[in-house]
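Down below is the structure, laid out as structure tokens.
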Amino acid sequence: MQYIMENDRFRVTLDSMGAEIKSVWDKQLELEHMWSADPAYWGKTAPFLFPFIGKLEQERFIYEGKVYPADKHGFGQRVEYELTKQTPDSACFRIQDTDVTREKYPFRFELEIFYSLREDGIREDWHIKNTGEKPMYFSVGGHAAFACPPVKEGGKGSRTGQKIRLYGVGNKTELQTLRLNDKGVITQEYGLVKLHEGCFEITEGLFDRDALIFDRAGITAAALCDTEGREYVRVECDAPVWGIWSHPDSGAGYVCLEPWYGICDYAGYEGELSERPHTQTILPGEIWRGGNTMIF
């Protein structure tokens, strides 16, 4: 079911399936800020990643010596959420563990996603409570696909030549990126992104090797800019890992800016779930809090 948040500037559509942002319509500029979810390229708009980021080695994980199946990005994007609170400019969605989730993720939890509209964008908060009796291990992150560039209703733009700006990288002229193999897990290879005043251009072939993954690069925000470097969307978050991704076909008019509290597996990983890099931990009865801010 879809729900609407609205203020003087934005009209935002949210879907209870995955608690996903489907549209951010800018009433003042008459522009759509979110990707259209065209299935010819990618049929999602802003899936919520929980309890995993990306793919795990052999699509499984090990917990207390037992092997469990693991879908790419986890099940948080594939379940129906309950709307627990709504005002004209805010909404709260919730899921809890079930018999079905515990078959592939053996933890008891309550997850809430809060959306609140601001004058310049959207604040998204994530609260995860461990309702079980053992420590809970998980990853969580955003996967919002922004129109690149923003378009008039029914329009289509070209991402080629648009720019990406990274905040928090200081005067660095290049950043190392992790690379994925054809199974979607991290290899021992690295890529390099050349920066000019914190920016790099979206070129043909930029996403031929899947996502650009920046691990512990100090990034505090990522933004999309037009060909002149004028910013039109920025995602702010203190996450330790950032993914930037789009379909390799340059005709796909979107780019995902993804703050991650977690990461894909490295090829050949055989360790326990608790030992995976960037895995988050919640003790019984405690609440983990995170989130991000989208500024348009």
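Count residues from 1 along the sequence.
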Under 4.0 Å between a Lys/Arg side-chain N and an Asp/Glu carboxylate O for [X] and [Y]?
X	Y	result
Asp15	Lys22	no
Glu57	Lys183	no
Lys129	Glu286	no
Asp8	Lys27	no

How about [X] and [Y]: does a side-chain donor come under 3.5 Å of a side-chain acceptor?
X	Y	value
Gln280	Ser139	no
Asp89	Thr87	yes
Glu112	Tyr81	no
Glu110	Thr131	no
Ser250	Arg159	no
Glu32	Ser23	yes

Tell me whether the centres of the aromatic rings in [X] and [Y] are closer together than 6.0 Å.
X	Y	answer
Trp245	His143	yes
Phe61	Phe52	yes
Phe50	Trp126	no
Phe109	Phe107	no
Tyr254	Tyr41	no
His278	Tyr261	no
Phe296	Phe10	yes
Trp35	Phe146	no

Exercise. Decide yes or no on salt bridge (charged side-chain N to carboxylate O under 4.0 Å, His left out) for Glu197 and Arg165, but give the supporting numbers first.
Key: CA-CA 8 Å; Glu197 297 181 346; Arg165 175 176 291 131; over 6 Å; no
State, yes or no, whether a side-chain contact exists between [X] and [Y] at a heavy-atom distance under 4.5 Å.
X	Y	answer
Leu56	Asp265	yes
Val193	Phe214	yes
Leu257	Val255	yes

Whether [X] side chain and [Y] backbone form a donor-acceptor pair below 3.5 Å:
X	Y	answer
Asp99	Glu103	no
Glu20	Ala46	yes
Arg209	Gly205	no

Practice problem: Run through Val12, Val233, Thr13, Thr45 and flag the one making a side-chain contact (heavy atoms from CB on, under 4.5 Å) with Met34. | Solution: Thr45
Quiz item: Can Arg123 and Thr293 be said to form a side-chain hydrogen bond (donor to acceptor under 3.5 Å, both in side chains), step by step?
Solution: CA-CA 5 Å; Arg123 175 63 194 175; Thr293 302; 2.9 Å; yes
Exercise. Go through Arg9 and Asp26 one step at a time and tell me if the salt bridge (charged side-chain N to carboxylate O under 4.0 Å, His left out) criterion holds.
Key: CA-CA 6 Å; Arg9 180 176 171 193; Asp26 191 319; 2.7 Å; yes
